[in-house]
Amino acid sequence: MAAKSQICSIWLGSETGILKGVSLTKKQAFNFCEMSCMSRDQEVCVMAWGDPHESEVLVGSVNGTVKTFSTDKGIFTATRECGDPSQGRFTGLAVTDSSMITCVESGLLKVWKEGSTETAEVNAGNGICRMQQNQSQRHRVATGGKENPLKVWDLERPDKPIFTAKNVAHDWLDMRVPVWVRDIGFIPDSDKIVTCTGHHQVRVYDPLTPQRRPVLEARFGEYPLTALSLPANQGTVVVGNTHGELAILDLRKGLVCGCLKGLAGAVRGLQCHPSLPLVASCGLDRFLRVHNLEDRSLQHKVYLKSRLNCVLLSSREPESSNADFSGDVEEVKAEEEEDEVWDTMETVTEKAKKRAAQKDEATATGVDGKKKRKLVKKVM
């Protein structure tokens with residue numbers, strides 16, 4: 001398994017609790033899990049790199065455990081109980097120099113110090129949907145959720161948040177605008193923060209300004225946004241929603257630059273490459289897709305059988321390819337068989353529906369169309 005895990009450049013977590021690794025250069029996908037103890041409560045919620053060298057992947061499950069997977073050895077090396085399932089699912093997972101940070105839906109944010117059972121706890125408020133770490137200042141994290149506004153925390157001084165966003169002004173009916181933060185991103189080399197909401201809004205906050213309301217707001221589509229990621233080139237953000245729509249938005253003008261096509265289900269995981277114009281996405285349609293952000297073309301498409309929750313993209317440069325591929329021989333056959341089934345099915349139109357309804361009516365009465373017309377003429 002070590003040889004397989006070392007060539008993987010993209011890692012994904014599934015609803016079935018399987019950690020999946022994908023090699024874009026070898027055009028292969030692998031499952032890394034203990035088949036003997038698989039269960040629904042091991043569904044993967046969040047993932048993060050365990051060290052700067054990307055030799056460890058931290059996997060947070062629904063049952064409150066965080067497992068450490070070694071990409072060098074190809075096995076899980078450690079398991080740690082980091083939460084109570086009654087507190088909700090993991091909404092964020094991060095690592096600092098000497099500790100691990102977890103956050104659950106109830107708002108309980110914990111800092112687990114290495115080699116110690118003691119933890120520092122922060123109550124971020126109920127209904128948390130996302131906790132995100134600032135990669136340039138790793139001791140700072142941001143939280144937000146349903147009726148829980150954006151908050152920025154300094155874990156070296158966790159008594160109170162250093163920034164709390166203020167809700168926007170009332171709408172044109174003078175009614176309060178509901179708060180629903182779904183995902184958060186820190187703009188590199190800046191103090192600005194980007195959020196996407198369940199009401200299809202993208203907002204930019206600047207904690208350095210006196211106002212706590214967003215300095216920019218844009219809208220995309222009509223459906224709840226579920227994930228966002230910031231590309232290597234600053235000034236844009238990639239967002240995805242519950243209807244499988246991906247879009248690139250300009251953060252300076254608040255306009256949609258373009259859309260990425262090919263998705264068929266809700267987007268659950270989204271991550272841009274740290275140095276290349278690439279974005280990886282996954283979701284309910286069981287596919288991993290890698291798009292090029294410059295020409296918005298689909299570079300890779302991988303069928304992975306399970307519904308996917310999150311994606312983790314390595315900083316290594318993947319080999320470019322325009323071909324679709326699946327993980328193994330079984331996946332290729334499964335996809336081909338599915339395509340054959342759909343190809344052999346007849347396309348149903350409105351005219352076909354009417355003809356079928358007329359046939360059913362004639363069969364039910366026991367009289368076909370011609371006989372029925374003759375009977376009408378005799379009566380007249």
Side-chain angles (χ1 to χ4, degrees), residues 1-14 17-25 30-34 42 44-61 64-83 90-104 109-120 130-142 153-156 184-186 188-189 229-230 232 269-276 278 280 282 309-318:
M1 297 295 285
K4 295 180 180 179
S5 62
Q6 290 174 3
I7 63 173
C8 294
S9 57
I10 302 179
W11 299 91
L12 302 102
S14 70
I18 301 175
L19 176 65
K20 296 175 179 287
V22 177
S23 171
L24 298 180
T25 56
F30 309 100
N31 292 335
F32 299 92
C33 64
E34 299 175 3
Q42 294 186 8
V44 179
C45 302
V46 290
M47 294 194 305
W49 292 113
D51 61 344
H53 305 291
E54 299 180 353
S55 63
E56 291 181 346
V57 178
L58 300 180
V59 181
S61 303
T65 60
V66 176
K67 295 183 286 188
T68 303
F69 179 82
S70 173
T71 58
D72 294 333
K73 300 177 182 178
I75 58 173
F76 288 95
T77 57
T79 301
R80 186 170 187 173
E81 295 289 339
C82 293
F90 284 116
T91 57
L93 183 63
V95 174
T96 60
D97 296 333
S98 58
S99 57
M100 180 175 64
I101 309 166
T102 62
C103 185
V104 293
L109 190 152
K110 287 187 177 182
V111 181
W112 305 79
K113 297 181 180 179
E114 187 177 357
S116 175
T117 57
E118 296 181 359
T119 61
R130 181 69 68 195
M131 184 274 289
Q132 193 67 261
Q133 183 185 37
N134 187 344
Q135 295 299 321
S136 58
Q137 300 179 12
R138 302 176 69 86
H139 60 280
R140 291 190 177 184
V141 297
W153 303 83
D154 188 343
L155 297 179
E156 295 178 351
I184 305 169
F186 287 88
D189 303 324
S229 185
L230 294 162
L270 189 64
Q271 187 176 4
C272 294
H273 195 276
S275 59
L276 299 176
L278 298 175
C282 66
N309 288 337
C310 44
V311 59
L312 194 62
L313 191 59
S314 173
S315 59
R316 290 183 295 176
E317 296 187 4

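Nothing fancy with the numbering, it's 1 onward along the sequence.
Across all their heavy atoms, T71 and S5 have their closest contact at O-OG, 2.7 Å. The two residues I101 and Q133 have their closest heavy-atom pair at CD1-NE2, 4.3 Å. Of all heavy-atom pairs spanning L93 and M131, the tightest one is N-CE, 3.8 Å. When all heavy atoms of R80 and K113 are compared, the closest pair comes out as NH2-O, 3.7 Å. The shortest non-hydrogen separation linking F32 to F76 is O-CE1, 3.6 Å. Between F90 and T65, the shortest heavy-atom distance links the atoms CE1-O, 3.8 Å.
Within the 4.5 Å cutoff, the side chain of L58 has no heavy atoms near those of the W49 side chain. The closest side-chain heavy-atom distance from T102 to V104 is not below 4.5 Å. A heavy-atom distance below 4.5 Å is found between the side chains of L19 and M47. Using a 4.5 Å heavy-atom cutoff, the side chains of D51 and V95 are not in contact. The shortest distance between side-chain heavy atoms of M100 and C82 falls below 4.5 Å.
Taking CG from D72 and NE2 from H53, the interatomic distance works out to 10.5 Å, rounded to the nearest 0.5 Å. A distance of 5.5 Å separates CG in L313 from NE2 in H273, rounded to the nearest 0.5 Å. In this structure, OG in S23 is found 11.5 Å from CD in Q6, a value given to the nearest 0.5 Å. N31 CG to K20 NZ: the interatomic distance, rounded to the nearest 0.5 Å, is 3.5 Å. Rounding to the nearest 0.5 Å places CZ of F186 at 9.5 Å from CD of Q135.
By the 6.0 Å and 45° rule, K4 does not stack over the aromatic ring of F30.
Looking only at distances, a side-chain donor or acceptor of N309 sits under 3.5 Å from a matching main-chain atom of V44. Listed for the T96 side chain is no donor-acceptor partner under 3.5 Å among the backbone atoms of R138. Judged by distance alone, the side chain of E56 and the main-chain N or O of S70 form no donor-acceptor pair under 3.5 Å. Of the possible polar contacts, none joining the S99 side chain to the V111 backbone as a donor-acceptor pair under 3.5 Å is found.
Between E54 and S314, the side chains place a donor N or O and an acceptor N or O closer than 3.5 Å (distance only, hydrogens not considered).
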Going through the distances and angles, do T91 and R130 end up as a side-chain contact (heavy atoms from CB on, under 4.5 Å)? CA-CA 5 Å; T91 57; R130 181 69 68 195; 5.5 Å; no

Assess the residue pair S9 and T25 against the criterion (side-chain contact (heavy atoms from CB on, under 4.5 Å)); give the C-alpha distance rounded to whole Å, side-chain angles, the decisive distance to 0.1 Å, and a yes or no. CA-CA 9 Å; S9 57; T25 56; over 6 Å; no

